[in-house]
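Remarks on the structure that follows.
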Amino acid sequence: MPRVLSGIQPSGQLTLGNYIGAIQNFVKLQETHECFFMVVDLHAITVPQEPAALREQTESVAALFIAAGIDPAKASVFAQSHVAAHAELGWLFTTLAYMGELERMTQFKDKSNGKDSVGAGLFVYPTLMAADILMYNADLVPVGDDQKQHLELTRDLAARFNQRYGDMFTIPEPYIPKVGARIMSLDDGTKKMSKSNPNPGSYIALLDPPDVIRKKISRATTDSGREVQFNPAEKPEVSNLMSIYSHCAGITLEEITARYEGQGYGAFKKDLAEHVVAKLEPLQQRYAEIRSSGEIHQILKQGAEQVSGIAEKTLRDAKERMGFLLPR
Ligand code: TYM
């Protein structure tokens with residue numbers, strides 16, 4: 001079976017963007033692929049994290065994976081820091097990457113922009129991500145649009161390793177949704193919806209209660225027109241709401257346009273809120289059950305046990321090829 005790997009940072013409330021851009025595809029791909037889904041806690045610490053919050057968020061993201069429909073009997077779900085080989089292989093890839101390549105990463109530019117001091121971890125972040133993916137020889141990596149550049153670097157690093165030390169790593173392909181690869185902020189149609197945005201009105205968190213979701217959508221920015229039409233260049237806000245609608249209601253963009261012809265934005269937004277609530281309510285219920293059962297610790301333990309043999313073998317092979325003297 002072809003392999004799939006992806007990860008999500010436990011660095012704040014997961015949003016509808018994470019769900020539509022990534023988690024929905026995790027759930028789909030587990031039926032046809034051997035899947036590895038990680039809570040990437042080592043990546044989260046590339047910006048300061050309060051220790052208690054990091055622990056809570058790590059557990060929460062893992063529980064959201066399961067609540068969203070990832071089945072631990074089909075996919076390995078684990079925490080990155082539970083498999084020590086990630087940090088070590090990450091270091092090996094850091095030594096293969098060039099400063100210039102890392103300086104070009106738009107995520108690094110965005111996150112470091114205007115800051116007086118920028119952590120070195122933030123700079124080498126993509127080499128750890130490359131290690132995550134290459135560790136399991138993933139064929140496909142389901143991600144949102146913002147991770148495309150990191151995937152390209154991963155492909156370059158894999159090819160560089162293979163060329164220097166002999167063919168070992170699979171060159172992975174990104175798997176990006178056609179609609180919803182970049183869900184935008186509710187208050188600004190030109191910015192990505194992000195869990196790190198200080199304005200909670202700009203995103204829908206997967207755990208937002210129904211009334212909060214209704215309020216956020218009713219306040220979402222639109223434009224001065226009244227046509228519900230998909231045109232990201234000229235109507236970025238409305239187009240974004242349409243992408244969300246399409247995913248939550250399971251209908252096409254054309255069907256949405258036809259449904260609201262001549263009605264303005266009011267009815268559209270009201271229905272959209274109900275579709276989002278209906279999509280998230282069952283997930284929130286399962287989430288509460290999983291958290292109160294405490295079963296997530298067992299799931300993460302089992303996941304780490306399932307993958308650690310593969311990870312240790314990859315690390316050993318890579319070290320051997322690079323010329324490390326292995327203990328006998
Ligand atoms: P992270 O934690 O920022 O986001 C997790 C996933 O959600 C997607 N995403 C979005 N998709 C659509 N619209 C949005 N507004 C939106 N916001 C986030 C992201 O593209 C991502 O797929 N570097 C990764 C984590 C990572 C990883 C990996 C991913 C570490 N190792 C290995 C894949 C494979 C990140 O920061 O994701």
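Note that these values count all heavy atoms, side chains included, but never hydrogens, waters or copies made by symmetry. Read the numbers this way: they start at 1 and go in the same order the structure lists the ligands and their atoms.
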Any donor-acceptor N/O pair, Thr46 side chain to Leu42 backbone, under 3.5 Å: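 Checking the backbone N and O of Leu42 against the side chain of Thr46, no donor-acceptor pair under 3.5 Å is found.
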Check for a donor-acceptor pair, side chain of Lys269 on one end and backbone N or O of Ser218 on the other, with a separation under 3.5 Å. yes
With [atom] as the reference point, say which of [options] has the nearest heavy atom.
atom	options	answer
atom 4 (O) of ligand 1	Asn240, Asn18, Asp145	Asn18
atom 19 (C) of ligand 1	Val143, Leu42, Asp146	Asp146
atom 37 (O) of ligand 1	Met38, Gln147, His150	Gln147

Using a 4.0 Å cutoff against the non-hydrogen atoms of [X], which atoms of ligand 1 qualify?
X	result
Arg182	12 (C), 13 (N)
Ser6	29 (C), 33 (C), 34 (C)
Ala181	11 (N), 12 (C), 13 (N)
Val141	33 (C), 34 (C)
Ala22	6 (C), 7 (O), 22 (O)
Gly180	12 (C)
His43	30 (C), 31 (N)
Leu5	32 (C), 34 (C)

Under the side chain to side chain donor-acceptor pair (under 3.5 Å) rule, what do Arg259 and Tyr245 come out as? Steps first, then yes or no, please. CA-CA 12 Å; Arg259 189 176 284 183; Tyr245 196 124; 3.1 Å; yes
Just to confirm my output: which protein heavy-atom neighbour is closest to [atom], and how far is it?
atom	answer
atom 13 (N) of ligand 1	Ile183 N, 2.8 Å
atom 35 (C) of ligand 1	Tyr125 OH, 3.3 Å
atom 1 (P) of ligand 1	Lys195 NZ, 3.9 Å
atom 11 (N) of ligand 1	Gly17 O, 3.2 Å
atom 31 (N) of ligand 1	Asp132 OD2, 2.7 Å
atom 25 (C) of ligand 1	Gly7 O, 3.5 Å
atom 3 (O) of ligand 1	Gln9 NE2, 4.0 Å
atom 17 (N) of ligand 1	Met193 O, 3.7 Å

So is Ile20 close enough to ligand 1, meaning a heavy atom under 4.0 angstrom away?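 No; Ile20 lies far enough from ligand 1 that no heavy-atom distance drops under 4.0 Å.
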4.0 Å heavy-atom contact, Pro126 with ligand 1: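 The answer is no, since Pro126 has no heavy atom less than 4.0 Å from ligand 1.
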Ile133-Phe169 co-clustered via ILVMFWY side chain contacts under 4.5 Å: yes
Output, in order, the C-alpha distance, side-chain angles, deciding distance and verdict of side chain to side chain donor-acceptor pair (under 3.5 Å) for Asp187 and Ser202. CA-CA 5 Å; Asp187 61 349; Ser202 72; 4.6 Å; no
Worked check of side chain to side chain donor-acceptor pair (under 3.5 Å) between Ser60 and Tyr287: CA-CA 8 Å; Ser60 172; Tyr287 175 83; 2.9 Å; yes
Would you confirm whether the ring centroid of Phe123 sits within less than 6.0 angstrom of the ring centroid of Phe108?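 That pair passes the under 6.0 Å test.
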Tell me if the aromatic rings of Tyr125 and His150 count as close, with their centers under 6.0 Å from one another.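 They qualify: ring centres under 6.0 Å apart.
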Between Lys216 and Tyr203, is NZ or CZ placed under 6.0 angstrom from the six-membered ring centre and within 45° of the ring axis? yes
List the atom of Asn162, the atom of Met168, and the distance in Å for their closest heavy-atom pair.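 Heavy-atom minimum between the residues: OD1-N, 3.0 Å.
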Assign the ring pair His86 / Tyr136 to parallel, tilted or perpendicular, where the plane angle (0 to 90°) is split at 30° and 60°. tilted
